Structure formats: structure tokens, C-alpha cells
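In what follows, a structure is listed as C-alpha cells, so that the remarks can point back to it.
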Amino acid sequence: MNQQPSHVVHVGFDSKQERLLRTGHQLTVLLDDDSAAALPAGIRDRFARIGALHVPPQADLGNYDTAFEQMTAYVDKFATELGPPVAVVGLSEESVLPAARLREYLALPGMSARTALLLRDKVRMKEAVRAAGVDVPRFWPVGPDTTAEDAARLASLTPDGIVLKPRSQAAAMGVSIFRDPAAFIAHVRDVGVGADHEAEEFLAGDLCHVDGLIRAGRVLFLSAATYLAPPYDVVTEGGHPLGSVSVDDPALLAAMEDLATTVLAAVGLDDGVFHLELFVRPDGRLTFLEVAGRPGGGGIAEHIHRVHGIDLAEEALRVCLGERPRYDGPRTILDGDVPASGWLWVTTPAGGDRKVERVRGSDRLPGSVVHSVVPSVGDTFTGAAELYRSAGMFTFVGESARSVTADAHEVWSGFSVEYGPL
């Protein structure tokens, strides 16, 4: 008697990751109703069943969490038709926590809901990391009950500024930075603070990200890089390059690995892909900012795949499916033969649909640019709600972080796209 293929549940799905849909399984997917309706026919046909979740229309990484009862109802129904699921796949920031909760609901192995919550909730995350002896910014949970007097007390403890952010969002979603303490106090008095927020001290220094793969508590791959500009500035201010350049100082990379290893143990991430952000302070001190259990966004994962040969999204999928890692290359970016590398995205202006009318600078790129994707005249960009919408993608390989940084800024200054309306 032939046994039917095993049932694998995906929580959320990005059509750009079609390569991650495995054959040999019966695939089901749970995703918000707008995304379900927008699935291309070729991808829709890959799923045996689709569970469309009714969620609030505003962008919120907690939408899937609030739809958990809908998820379990769909999974129970699909299980009667396709058999009990053998794995739950959650690869994006909004899907990591609900996927972990589904695993516990189904008694399946994988990332626990406790770890997933520590990877989402910035207050609990920092409490766990601080308890492990890692330097973190001073931080406080705040919310609707926070008064102007409370704000004045916090502001007095953070003379360089204060950051107000949701506890459970990512990137720059909902973040406000107040360099003037009086502005923070006025905001709390006049506007108030939403539920489940965090206030933390503003830190000076270089913002860096550490990305990698950990299996059975052992780091198999680790990359570290310095942002060309903080993502907050890119999203909120414009006029800043989106990208990063790899760390080429072995001592600094080793210190970042030590910090990352301690952080991963503190949140309980023994198997998975991680994206961690930290500051290198002016005095050289490393200060943890936050960590996520998924590949880095923007061009981070693509750059790592192209330059170092490890597909972190594929490795995250293999963790969810209980498969052995595929990567068997150098353990860190400095153990291979690439001295330094980086990536740069030139983002499109915010707004509606646009048509490319002219491209400047794509014919005079530095020799360190080993790969680029640029638009052609007549190409169109839709007004899709993407955090980072790129009109030029560049990958660099060079002899040092300094030279790659200089080349990235050269491209940023010399490359441009002119648009017109559709």
C-alpha cells in the first residue's frame, strides 16, 4: 500500500522564496487573506491547501499571533484530509513565533515558543541577555500608563537621548528617537505611549549585524558587518545608503562571535539561523541591541549567499524540517578566501507606481563590484508596501573593509535613477 507524502505546514510565505517549496511533501500554507489572494497561480498550485487568515489591515508583525485560533482550526481541518503535519515552517519575523506555537500545539520538535518569544519581545530578550552577562542598553517597559513624570525620570537617566519602540516589531517599525529629552517628555504628555512599548537609552557607535547558522549549540557559520547607515535613518530620513560591509578585523570578529554565542544560549536558540544587531561603542565596547531567529533582511542574506556560498534561508528551512545542514564550508567569513565584501541597495522613493526614465552611473562602477542588478529605461516599480524597495543592487568584494566602504559610497554618490509617473 502506497503511503501518502508527509504533510508540511508553512506559516506565511514570500513568493520570492519559491525555491524553498520542497517536492515530495504535501504542502499547506497559512497566510493573511491579502497575501493569499495575491499568490501567483504557479505558486498557489504548489500548495495542497491554503488557509487565509483574517487579520487587521495595518502592517503589524503580531497579526499572525492574534490569528492563532484560526491557524489551529485550519491545521486540524487539513490534518483530517492530508494526515497529521510532520513539520511547521516559519522563516520570517512575523511567522517565527506562531510557527513555534503551532509546533507545541502539534507536539512537534523544533524551536520552542519560549525561545521564539524571547526572540520577539525586546524587553524579555534584553532581560535574558543581561542576566547572561552581556552589555545591553538601559531599558524600561513603558505603555499607556507611563506619565510625563515617568518620562522625565527616564530622560534624566539617558542624557544622550532615548529610543521609544514597540516591544515586538522589527526594522524601524514604530520606532521614534528623541535626542532632546524635553521632546520625549512632551511626546509622552501630549501623545502618550502605545501598549507594549520599550524605552531604551540612545547609544552612539557603529551599528553592526552578526548573521549565521547554529546547529546543536555549535556555530557552523558566522558573518559580521557594519551598516553603511542605521536602517532607522534609511527608512525614516531617506538620503542614506542601505547596505553593510564585512568586518575584517579578526579580533573584533572573535569578540562578536563570543557575544553572539552567549546571546544565543541565553535565548535558547540551539538550532537555527540568526540575525543579531549590536553596537561597537566609541570606547570599543560591544553592546547588544537585539536578535532574531531568521535570516537578515534587505540584501544581507543574498549577499552572504553570493559571496560565501551559504543560503541561510535554505538552512533555516532545513532546521524546520529536521534535516541535516547542507553547508560545510569555512566557519567564519575570515576563514575563507574573501578578505572583505559588502552590499548596497539604492532604494526607490516612497510613493506610488513609477516608471524608469533614466539610469545614471551604471556604466562606471568600481572594479570591486562583482555583481549588480540595475533597472532599464521603461521598467516599472509598483507602489507595493515593501519596507525596502530597491532600484539598484550591488555586491562588492575587495581587499579591505575600508576600500569596500569607499567603493560603496562611490556607487551611492554616482548611481541614480530618474522616474516618471506611469
Side-chain angles (χ1 to χ4, degrees), residues 17 19-20 89-93 96 110-111 115-116 119 129 134 207-227 243-278 280 286 288-343 370-371 395-398 400-401 404:
Q17 296 184 333
R19 73 184 192 283
L20 300 179
V89 177
L91 305 180
S92 61
E93 185 68 31
V96 167
M111 183 190 296
T115 290
L119 292 167
V129 170
V134 175
L207 181 59
C208 303
H209 60 88
V210 181
D211 301 82
L213 171 67
I214 185 170
R215 297 300 295 263
R218 186 167 69 93
V219 173
L220 302 186
F221 173 79
L222 183 126
S223 167
T226 304
Y227 284 110
S244 63
V245 175
S246 64
V247 170
D248 63 356
D249 179 347
L252 178 57
L253 184 66
M256 289 180 169
E257 180 177 2
D258 287 344
L259 181 146
T261 301
T262 303
V263 167
L264 296 175
V267 299
L269 185 60
D270 296 322
D271 289 278
V273 165
F274 60 90
H275 172 70
L276 182 153
E277 293 186 336
L278 58 84
V280 179
L286 303 186
F288 169 81
L289 183 60
E290 56 192 55
V291 62
R294 42 84 180 170
I300 293 172
E302 180 182 348
H303 162 252
I304 289 172
H305 188 194
R306 183 171 297 279
V307 174
H308 299 289
I310 175 172
D311 185 343
L312 290 176
E314 162 73 14
E315 293 294 347
L317 173 67
R318 298 178 76 85
V319 171
C320 293
L321 296 178
E323 298 176 352
R324 294 175 58 83
R326 172 170 290 173
Y327 180 74
D328 62 356
R331 197 178 61 80
T332 78
I333 55 173
L334 295 184
D335 293 329
D337 56 3
V338 178
S341 64
W343 64 279
V370 296
H371 182 259
T395 303
F396 303 81
V397 171
S400 68
V404 170

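What you see is a predicted model; the values in this text were computed from it and never measured.
Between the Thr115 side chain and the Val267 main chain, a donor and an acceptor come within less than 3.5 Å of each other.
Here the closest heavy-atom approach between residue Tyr327 and residue Leu220 is recorded as CE2-O, 3.8 Å. The nearest pair of heavy atoms linking Val96 to Gly293 is CG2-O, 3.7 Å. In terms of heavy-atom proximity, Cys208 sits nearest to Val280 at SG-CG2, 3.8 Å. Ala224 and Leu253 make their closest contact through CB-CD1, 3.5 Å (heavy atoms, listed as atom of the first residue, atom of the second, distance). In plain terms, the two heavy atoms of Ala340 and Ala401 that are nearest each other are CB-N, 3.5 Å. Closest non-hydrogen pair, Thr395 versus His303, comes out as CG2-CD2, 4.0 Å.
Scored by the ring-ring contact (aromatic ring centres under 6.0 Å, His included) test, His209 finds Tyr227, His275 as partners (sequence neighbours excluded).
Atoms CG and CE, on Leu278 and Met256 in that order, are 5.0 Å from each other to the nearest 0.5 Å. Between the CD atom in Glu314 and the CG atom in Leu91 there is a gap of 10.0 Å [rounded to 0.5 Å]. How far CG of Asp211 is from OG of Ser244: 8.0 Å, rounded to the nearest 0.5 Å. Atom OG in Ser246 sits 13.0 Å away from atom CH2 in Trp343 (nearest 0.5 Å). Here the CD1 atom belonging to Ile333 is positioned 7.5 Å from the CG atom belonging to Leu222, to the nearest 0.5 angstrom. Note that CD1 of Ile214 and CG of Asp271 are 7.5 Å apart. Values are rounded to the nearest 0.5 Å.
Side chains of Leu213 and Val273 form a contact here, defined as non-hydrogen atoms less than 4.5 Å apart. Between Val210 and Phe274 the shortest side-chain heavy-atom distance falls below 4.5 Å. In this structure, the side chains of Leu286 and Leu252 come closer than 4.5 Å at one or more pairs of heavy atoms. Side-chain contact between Leu276 and Phe288 is present, with at least one heavy-atom pair separated by less than 4.5 Å. Put simply, the side chain of Gln17 does not reach to within 4.5 Å of the side chain of Leu317, judged on heavy atoms.
For residues 248-261, the pairs satisfying salt bridge (Lys or Arg N to Asp or Glu O under 4.0 Å) are Glu257-Arg331, with sequence neighbours left out.
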> Between Arg215 and Val319, is a side chain to side chain contact (heavy atoms under 4.5 Å, CB included) present by the stated rule, with each step listed?
Replying inline: CA-CA 8 Å; Arg215 297 300 295 263; Val319 171; 3.5 Å; yes
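Just one of Arg326, Arg19, Arg306, Arg318 meets the salt bridge (Lys or Arg N to Asp or Glu O under 4.0 Å) condition when paired with Asp311; it is Arg19.
In this structure, Phe221 and His308 have tilted ring planes: the angle between them lies in the 30° to 60° band.
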